[in-house]
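One structure is given below, encoded as structure tokens.
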Amino acid sequence: QVQLVESGGGSVQAGGSLRLSCVASVASGRTFRSIDMGWFRQGPGKEREFVAARRWIAGTNYADSVKGRFTISSDNAKNTLYLQMSSLRVEDTAVYYCAASLTSNSRVWDYWGQGTQVTVSS
């Protein structure tokens with residue numbers, strides 16, 4: 001079982017930066033570094049969408065809309081996943097969720113955090 005807690009959201013002007021954090025509590029028998037982790041977001045009136053993932057085997061990948069602006073990383077010693085967001089746009093406004101998948105390279109995400117709000121103003 002995995003528990004996820006996000007932080008770091010807030011309000012920023014377009015062009016600014018924010019760093020989101022997600023601390024994972026992992027049940028014994030698994031290690032944080034071996035779990036696929038991802039970031040998703042849901043904007044107002046929109047469906048939840050994939051943002052970025054750090055996968056144990058496949059490495060990192062990003063949605064086209066954030067490539068070159070967002071960077072996913074992790075500190076395995078701290079069981080923490082990060083999302084560094086730069087050159088933020090108004091359309092990046094959303095609730096951002098951290099997710100974990102216990103199956104490598106799966107499209108199914110087993111655990112979700114509560115979300116953290118990011119608001120980008122023009």
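Worth saying up front: this structure is predicted, and the values here are computed from it rather than measured.
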| request: Consider only side-chain N and O atoms of Thr60 and Arg54, and report whether a donor and an acceptor are under 3.5 Å apart. | output: no
| query | Taking Ser34 for the side chain and Thr31 for the main chain, is one N or O donor matched with an acceptor at less than 3.5 Å? | reply | yes
| said: Looking at Ser101 and Val108, would you say the former's side chain and the latter's main chain have a donor-acceptor pair under 3.5 Å? | reply: yes
| task | State plainly whether one hydrophobic cluster holds both Leu102 and Trp112, where clusters connect Ile, Leu, Val, Met, Phe, Trp and Tyr through side-chain heavy atoms under 4.5 angstrom apart. | result | no
| query | Given the rule in the salt bridge (Lys or Arg N to Asp or Glu O under 4.0 Å) test, do Asp92 and Arg89 qualify, once you have shown the distances and angles that lead to the verdict? | reply | CA-CA 5 Å; Asp92 293 319; Arg89 304 168 180 169; 5.3 Å; no
| Between Tyr82 and Arg19, a side-chain donor and acceptor under 3.5 Å | no
| request: May I ask you to test the Val118-Val120 pair for a side-chain heavy-atom distance under 4.5 Å? | output: yes
| More than 12 foreign heavy atoms under 6.0 Å from CD of Gln13: is that the case here? | no
| said: Can you tell me if Arg33 has over 12 outside heavy atoms packed within less than 6.0 Å of its CZ? | reply: no
| message | Could you see if Trp39 belongs to whatever hydrophobic cluster contains Val95? Use Ile, Leu, Val, Met, Phe, Trp, Tyr and a side-chain cutoff under 4.5 Å. | response | no
| query | Got Thr71 and Leu83 here, is their nearest side-chain heavy-atom distance under 4.5 Å? | reply | no
| query | Looking at side-chain heavy atoms only, is the closest gap between Leu4 and Met37 below 4.5 Å? | reply | yes
| task | Say whether, by atom type as modelled, one donor and one acceptor occur between the side chain of Thr116 and the main chain of Gly9 under 3.5 angstrom. | result | yes
| query | Taking the six-membered ring for Trp, are Phe50 and Phe40 parallel (under 30°), tilted (30 to 60°) or perpendicular (over 60°)? | reply | perpendicular
| field | Side-chain donor/acceptor of Asp36 to backbone N/O of Trp56, under 3.5 Å | value | yes
| query | Are Asp110 and Val2 close enough, and set up right, to give a side chain to side chain contact (heavy atoms under 4.5 Å, CB included), and what steps lead you there? | reply | CA-CA 9 Å; Asp110 303 296; Val2 180; over 6 Å; no
| Does Thr80 offer a backbone N or O that forms a donor-acceptor pair with the side chain of Asp75 under 3.5 Å? | no
| Given the rule in the side chain to side chain contact (heavy atoms under 4.5 Å, CB included) test, do Tyr97 and Arg48 qualify, once you have shown the distances and angles that lead to the verdict? | CA-CA 9 Å; Tyr97 298 91; Arg48 187 166 55 193; 4.2 Å; yes
| message | Treating Glu6 as the side-chain partner and Cys98 as the backbone partner, does any N or O pair qualify as donor plus acceptor under 3.5 Å? | response | yes
| remark: CD of Gln117 to CD of Gln42, rounded to nearest 0.5 Å, is 10.5 Å
| Okay, side chain of Ser74, backbone of Asn76: is any donor-acceptor separation there less than 3.5 Å? | no
| Whether Arg55 side chain and Ser104 backbone form a donor-acceptor pair below 3.5 Å | no
| query | In Å, rounded to the nearest 0.5 Å, how long is the span from CE of Met85 to CZ of Phe70? | reply | 5.5 Å
| Residue pair Ser17 / Ser87: nearest heavy atoms and the distance that separates them | OG-N, 4.4 Å
| message | I need the minimum non-hydrogen distance between Ala100 and Ile35, along with the two atoms involved. | response | CB-CG2, 3.9 Å
| query | Do Leu20 and Val12 share a hydrophobic cluster (ILVMFWY, side-chain heavy atoms under 4.5 Å, transitive)? | reply | yes
| Does the Tyr96 side chain pair with the main chain of Val51, one donor and one acceptor, at a distance under 3.5 Å? | no
| said: Ignoring hydrogens, what is the shortest heavy-atom contact between Ala53 and Trp109? Give both atom names and the distance. | reply: CB-CH2, 4.2 Å
| field | Residue pair Arg41 / Glu49, side-chain heavy-atom distance below 4.5 Å | value | yes
